[in-house]
Amino acid sequence: QVQLVESGGGLVQAGGSLRLSCAASGRTFSSYAMGWFRQAPGKEREFVAAISWSGGSTYYTDSVKGRFTISRDNAKNTVYLQMNSLKPEDTALYSCAARRGYVPSEYDSEYAYWGQGTQVTISS
């Protein structure tokens, strides 16, 4: 069982930055690949970024490449999402998720554990 708690969301102007954190409980955090997903009002949840258990492999959806960076600190049981050059279309509820195993995925159905999410709002 893994419990996930996100933090770091907020309201920023377009062009600004935010750093999201996802703290995980449990002693086997390094056994999980991690992902960030987001859901805007009236839209389906979409993949944002994912990272392998070691942090050696990362994946991004095209719309955030070059602007967002996913990372993890297994000693702190935490995964991060650094978001730069934010745009109004990045506004959404951002959730982190854990997938048992070493390989991350862009499919939300493959993640067993989810946090409650943290709201990110970008003003124009």
Side-chain angles (χ1 to χ4, degrees):
Q1 188 79 10
V2 176
Q3 293 184 324
L4 304 172
V5 179
E6 302 94 336
S7 61
L11 171 64
V12 299
Q13 289 187 331
S17 298
L18 282 173
R19 188 195 196 199
L20 306 184
S21 298
C22 173
S25 64
R27 294 175 292 177
T28 59
F29 176 70
S30 61
S31 299
Y32 291 83
M34 301 295 295
W36 284 98
F37 292 78
R38 66 187 180 186
Q39 187 168 21
K43 295 187 177 180
E44 292 188 354
R45 183 164 56 193
E46 67 169 345
F47 168 75
V48 177
I51 190 166
S52 62
W53 69 278
S54 67
S57 296
T58 57
Y59 306 87
Y60 301 91
T61 191
D62 286 346
S63 63
V64 308
K65 285 180 181 177
R67 300 189 299 123
F68 291 11
T69 303
I70 188 171
S71 62
R72 66 189 295 163
D73 185 339
N74 287 343
K76 295 183 178 179
N77 282 12
T78 302
V79 62
Y80 305 97
L81 185 67
Q82 177 67 43
M83 306 187 297
N84 299 327
S85 302
L86 284 161
K87 304 176 181 180
E89 51 263 44
D90 294 320
T91 294
L93 181 70
Y94 284 71
S95 300
C96 68
R99 178 176 189 263
R100 195 163 187 81
Y102 301 145
V103 179
S105 171
E106 64 183 286
Y107 301 106
D108 58 1
S109 60
E110 297 187 3
Y111 289 81
Y113 304 103
W114 291 83
Q116 294 292 324
T118 185
Q119 180 66 39
V120 171
T121 303
I122 312 303
S123 62
S124 57

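We number each residue from 1, following the sequence as shown.
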Hits for side chain to side chain contact (heavy atoms under 4.5 Å, CB included) against Ala23, two or more places apart or cross-chain, chain-then-number order -> Thr78

Minimum side-chain heavy-atom gap Trp114-Arg45 below 4.5 Å: yes

Please go through Tyr80's hydrophobic cluster and name the other residues, only I, L, V, M, F, W, Y counting, with side-chain heavy atoms under 4.5 Å joining them. none

Looking at residues at least two apart in the chain, or sitting in another chain, which of them share a salt bridge (charged side-chain N to carboxylate O under 4.0 Å, His left out) with Arg100? none

Which residues satisfy the side chain to side chain donor-acceptor pair (under 3.5 Å) test with Lys65, sequence neighbours excluded? Asp62

Same hydrophobic cluster for Val12 and Phe68, using side-chain heavy-atom links shorter than 4.5 Å among ILVMFWY? yes

Testing the basics here: between Ala14 and Ser124, what is the closest heavy-atom pair and its distance to 0.1 Å? CB-CA, 4.4 Å

For Glu110, the salt bridge (charged side-chain N to carboxylate O under 4.0 Å, His left out) test, sequence neighbours excluded, returns Arg99

I'd like to check the side chain to side chain contact (heavy atoms under 4.5 Å, CB included) partners of Tyr113; sequence neighbours left out, ordered by chain and number. Gln1, Val2, Leu4, Tyr32, Ala98

If you look only at pairs with a residue in residues 87-111, which of them pass as a ring-ring contact (aromatic ring centres under 6.0 Å, His included), with sequence neighbours excluded? Phe37-Tyr111, Trp53-Tyr102

Heavy-atom side-chain contact between Val120 and Thr91 under 4.5 Å: no

Ser57 OG to Ile70 CD1 distance, which is reported to the nearest 0.5 Å: 11.5 Å

Pairs where residues 10-75 contributes a residue and the test disulfide (SG to SG under 2.5 Å) is met, not counting sequence neighbours: Cys22-Cys96

Distance check, rounded to the nearest 0.5 Å: Leu81 atom CG versus Glu6 atom CD? 11.0 Å

Kindly give the heavy-atom pair with the smallest separation between Gly117 and Ser95, and that separation in Å. CA-OG, 3.6 Å

side-chain hydrogen bond (donor to acceptor under 3.5 Å, both in side chains) pairs, two or more places apart, involving residues 12-24: Ser17-Asn84

Residue pairs passing the disulfide (SG to SG under 2.5 Å) test with at least one member in residues 50-79, sequence neighbours excluded, are none

Sequence-distant partners of Asp90, salt bridge (charged side-chain N to carboxylate O under 4.0 Å, His left out), two or more places apart: Arg38, Arg67

Hydrophobic cluster membership, with links at side-chain heavy-atom distances under 4.5 Å among I/L/V/M/F/W/Y: are Tyr60 and Ile51 in one? yes

Would you say CD of Gln3 has more than 12 non-hydrogen atoms from neighbouring residues, nucleotides or ligands within 6.0 angstrom? no

Measure the spacing between OG of Ser105 and OH of Tyr59 and express it to the nearest 0.5 Å. 10.0 Å

Quick check on the hydrophobic clustering: are Trp36 and Leu86 connected, directly or via other members, by side-chain heavy-atom contacts under 4.5 Å? yes

Holding to salt bridge (charged side-chain N to carboxylate O under 4.0 Å, His left out), I want the full list of residues that pass it with Glu89, two or more places apart in sequence or in another chain. none

Closest heavy-atom contact between Asp73 and Phe29? O-CE2, 4.2 Å

Check for me, please, whether Phe47 and Met83 land in the same ILVMFWY cluster - side-chain distances under 4.5 Å, paths through other members count. no

Quickly, which of Leu93, Leu20, Leu18 forms a side chain to side chain contact (heavy atoms under 4.5 Å, CB included) with Thr118? Name it, please. Leu20

Enter the distance from Leu11:CG to Gln119:CD here, rounded to the nearest 0.5 Å. 9.5 Å

